[in-house]
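All chains are named by letter (A, B, ...) in the order of the sequence lines, taking the proteins before the strands, and each is independently numbered beginning at 1.
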Amino acid sequence: MITLPDGSKRNFSGPVTGFEIAADIGPGLAKAALAYKIDGSLTDLAAQVIKNASIEIITLKSDDDTVYDLLRHDAAHVMAEAVQELYPDTQITFGPAIENGFYYDFVRDEPFNPDDLKKIEARMKEIVERNETITRDVWERDKAIEFFEKSGEKYKAEHIQTLESNVEISVYRQGNWLDLCTGPHLPSTGKLGTAFKLMKVSGAYWRGDARNQQLQRIYGTAWRNKKELDFYITQLEEAEKRDHRRLGREMGLFHIQEEAVGSVFWHEKGWTLYRVCEEYMRNRLTKAGYFEVKTPQLVDRGLWEKSGHWEKFRENMFTINDDDDRVLAVKPMNCPCHVQIYKQGTTSYRDLPLRMAEFGSCHRYEPSGALHGLMRVRAFTQDDAHIFCTEDQIVTETKAFCDLLSSIYNDFGFKDVKVKFADRPEVRAGDDATWDRAERALIDATDAAGLDYTHNPGEGAFYGPKLEFVLRDTIGRDWQCGTLQVDFVLPERLDASYIGEDGNKHRPVMLHRAILGSFERFLGILIEHYAGRFPMWLAPVQIAIATITNDADLYAEKVANEFTKAGLRIVTDLRNVKINYKVREHSLDHIPVILVVGRRESDENTVALRRLGSKNQEVLALDDALSQLIEEAKRPDNK
RNA sequence: GCCGCCGUAGCUCAGGGGUAGAGCGCACCAUUGGUAAUGGCGAGGUCGGAGGUUCGAUUCCUCCCGGCGGCACCA
C-alpha cells in the first residue's frame with residue numbers, strides 16, 4: 001500500500017520501484033521522474049519499496065532544494081566522468097552539491113586552466129547527450145578497497161578505510177565510469193540537462209586540512225533550465241556592481257595600494273562616512289554609560305607575554321626592535337592596555353561596572369590570501385570596549401549590551417540579526433571550573449536578555465566564551481560583526497582587582513565587546529548593503545544643488561549657504577553644462593537629493609527636489625525644503 | 001601561506017618579437033540649456049619590477065611584487 005502526497009493510495013502486490021510507481025500513475029510522470037522519497041527520505045528511482053509507505057515522486061517541478069541537490073550532485077559526477085575521460089591520469093576525491101552549484105576535487109599533476117574548463121564543459125554535454133543509465137551497486141568493503149587501489153584511486157581507497165565498518169559501500173556507475181558515493185542519483189545522465197556552467201578552478205586541501213596535499217577543485221553551477229542559469233549569472237553581475245571595492249573607487253571613498261597592503265587610504269568622502277559613523281557610535285556609547293580612552297600603539301612584548309598574546313597570538317602580531325634592543329609589538333587588541341588604565345589607583349566595588357571604550361586602532365598580520373578590500377585588512381579600528389564588573393553584574397550588563405546592539409544595528413538598517421553562542425575552544429587559557437562558571441554566566445545572561453541563539457561549539461575566544469552577533473544584509477549575506485566575550489582569565493593574568501564590600505581584594509570580570517567589529521569592515525558591509533545609495537544621514541554628500549543656467553548662480557549660492565549653515569553636506573554645481581548631464585552625474589554619484597534651481601526657482605524662492613532613483617520632482621519653498629531635509633538628515637542618535 | 005588566473009592611459013579593456021590603440025574620464029574651445037550623456041579639439045603610457053633569450057622584448061622564459069577567485073586562516 002502506497003500513499004501519495006495528495007492522500008490517494010495505491011496497492012501493489014509486491015515490492016515496487018519508484019519508477020514502477022511513477023509509471024503506474026502515468027507515463028508523463030514516469031518520464032519526468034528524477035528520484036523519489038520514501039517516508040520522506042530521498043531515494044533512487046530504481047530502489048524498491050518493500051513495505052507500506054508514503055511516497056513522493058520528485059520531478060524538475062518538485063521542491064527546490066531536493067531537485068537542486070540531485071541535479072548538482074549529478075553534475076559533479078558528470079564533470080568527474082568528463083575529466084577522467086579527457087585526463088586519464090586524474091584521480092577523483094569528493095564532489096558534493098553546494099549552494100548554487102557543485103564542485104569536485106581532483107588530483108592531477110598538471111594544473112587545470114580556463115581552457116580545460118571549456119573542454120570539460122563540452123565533454124559534459126556529450127555525456128548528457130549519451131544519456132548514460134546510472135545504476136547503484138553495493139560492494140564488499142575489501143573488494144571496494146582493492147578495486148580503487150588497483151585503479152589508482154588512492155583517495156577513494158583511503159576514504160573507505162576511514163568509514164565505520166557497518167557503513168554500506170555503494171558505488172554508482174554511469175557508462176564506463178563509476179564513483180564511490182552514497183547517492184541518491186538521477187536515473188540517467190540525460191536528466192541533468194545542460195543548464196550548467198563551470199565557473200572556476202581553485203586549490204583545496206584534502207579533508208580541508210592545510211597539512212594535507214592540495215587538490216584541484218573545479219566549481220560549477222547547475223540549474224533546472226537555461227532561464228534559471230541566466231538569472232543566476234545576471235545576479236552575480238549585479239552583486240559585482242555593489243562590490244565595495246568598486247563602489248569605493250567609483251564614489252571616491254577610499255583606495256588601497258601596494259605600498260600599504262591591507263591598509264586603507266580614506267579619501268574625503270569615505271572619511272566623512274567614517275566620521276559620521278564614529279560620531280554616531282561615540283554618542284550612543286556615551287549615552288549608554290561608557291567612557292572613552294585612547295591607548296598606545298606600540299607596547300613592550302613583556303605586557304603581551306603577561307596577557308598570553310605572545311603565546312597565543314604571536315604570528316598575527318607586527319613587532320619592532322627599537323634601538324635599545326627592546327621588542328615592541330604593534331597592538332593587535334586593546335584589552336591589555338585597558339587593564340593598565342583600570343589598574344591605575346584602586347577600584348572600589350562601588351565603581352563597578354566600569355565601561356571603558358576605545359576606537360582602538362589595531363594591526364594584525366593577516367595571511368596575504370585573506371586580504372579583501374575593507375572586509376579583511378591588516379590595519380583597522382575596533383569599536384572596542386571592556387566592561388569591568390562583578391560576576392553578579394554579568395547578566396544585567398549583557399542584557400544592556402544586547403539592547404544597545406540591536407538598537408544600533410536597526411539604525412544602520414539591519415533588521416535581521418542572529419546570535420550564536422560559542423563555547424570553550426580546544427586551545428584555551430584557564431581551568432575547566434573557570435570555564436564552567438563563565439559559560440554558565442553567559443548562558444544565563446543570554447536567556448535573561450531573551451535572545452534566541454544557536455550553538456557554535458568550540459569557537460570561543462582563548463580566554464572565554466562568547467556571543468557572536470550575525471547580521472544579514474539586503475542581498476542575504478551573513479556577516480559576523482558584534483561580539484560579547486566573558487573573560488575571567490585576563491584580569492587574573494594581568495592582576496586586576498577591586499576592593500569589595502568586605503574590604504578584601506577581588507577579581508573583576510571583563511566583558512570584551514564590540515558592535516560594529518571594525519569600522520573598516522563594517523563600512524564595507526554598509527557600502528554593499530546600500531549598494532552605495534546611503535540614507536541621508538550616512539551619505540558623504542547629501543545634496544547636490546545644480547543650476548539650469550548661470551542666471552541662477554547667485555540664488556544657488558544662497559541656497560547652498562543655507563544648507564551648509566544647517567550642517568548639511570552639499571555640493572554646488574554651477575557648471576555650464578546641461579541639466580540632464582548634471583542630473584546624470586550626481587545620480588551616478590549616488591547623491592540622495594538633487595536640488596535643481598533655475599530662473600523660476602530663483603524668482604519664486606523655491607527649489608525643485610529630485611530624489612535618487614526617482615524620475616519625479618517636487619517644487620518646494622526653500623524654507624520647507626530646508627526644514628524637511630534637515631529633519632531627514634538627522635543622525636538617528638539625535639532624533 | 002597554498003593553488004589557478006591576471007597586471008597595457010585616471011577607469012574599463014583591445015593588441016602583440018620591430019619602442020602602442022579604443023571608449024569613458026580629464027584639459028581647452030564653442031554652446032546658457034528645465035531633470036540620467038551637446039558638439040569640437042587636445043593632452044595623457046619606462047605596457048607592475050628585476051634578470052635572461054634575441055640584432056631587437058610591452059610581447060617569449062625565470063624570479064619578485066601586487067590584484068582577483070577559491071582553499072587554509074579569521075583572537
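Out of B/rC5, B/rC71, B/rA36, the shortest distance to the side chain of A/P114 is found at B/rC5. Residue A/A204 has its side chain nearest to B/rC71 when only B/rC71, B/rG34, B/rU35 are considered. Checked against B/rA72, B/rA36, B/rC71, the side chain of A/A370 finds its nearest nucleotide in B/rA72. Of the candidate nucleotides B/rU35, B/rA36, B/rA72, B/rA72 has the atom nearest to the side chain of A/A210. The nucleotide whose nearest atom lies closest to any side-chain atom of A/Q617 is, among B/rG69, B/rC26, B/rU35, B/rU35. Side-chain atoms of A/V596 lie closest to B/rG34 of the nucleotides B/rA37, B/rC73, B/rG34. Side chain of A/S587, nearest nucleotide from B/rU35, B/rG4, B/rA36: B/rA36. Closest to the side chain of A/V583, from the set B/rU35, B/rG34, B/rA37, is B/rU35.
Here A/E110 lies out of heavy-atom contact (under 4.0 Å) with every strand. Using a 4.0 Å heavy-atom distance criterion, A/I579 is classed as a sugar-phosphate-only contact. When heavy atoms are screened at a 4.0 angstrom cut-off, A/F313 is found touching base atoms of the nucleic acid. No engagement by A/A546 is indicated, since no non-hydrogen atom pair under 4.0 Å with the nucleic acid exists.
Checked against the 6.0 Å centroid threshold, A/W223 and A/Y68 count as a close aromatic pair.
Across all strands shown, the partner of B/rU38 is B/rA30, judged by Watson-Crick or G-U wobble contacts whose two distances both fall under 3.5 Å.
A gap of 24 Å separates the P atoms of B/rC13 and B/rC71, to the nearest Å.
Between A/Y219 and A/F112, the residue anchored closer to the 5' end of RNA chain B is A/F112, taking for each the nucleotide with the nearest heavy atom. Annotation: of the two residues near RNA chain B, A/R610 and A/S202, the 5′-most nearest-nucleotide partner is A/R610.
If you check distances only, the side chain of A/N550 does reach the base of B/rU32 with a donor-acceptor pair under 3.5 Å. Below the 3.5 angstrom threshold, one finds a donor paired with an acceptor across the side chain of A/R376 and the base of B/rC73.
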Just the table, please: protein N/O against nucleotides 64-68 of chain B N/O, every pair under 3.5 Å.
{"residue": "B/rC65", "atom": "O2'", "partner": "A/E258", "partner atom": "OE1", "Å": "2.9"}
{"residue": "B/rC68", "atom": "OP1", "partner": "A/R245", "partner atom": "NH1", "Å": "3.1"}

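Between the side chains of A/H455 and A/D423, at least one donor N or O lies within less than 3.5 Å of an accepting N or O.
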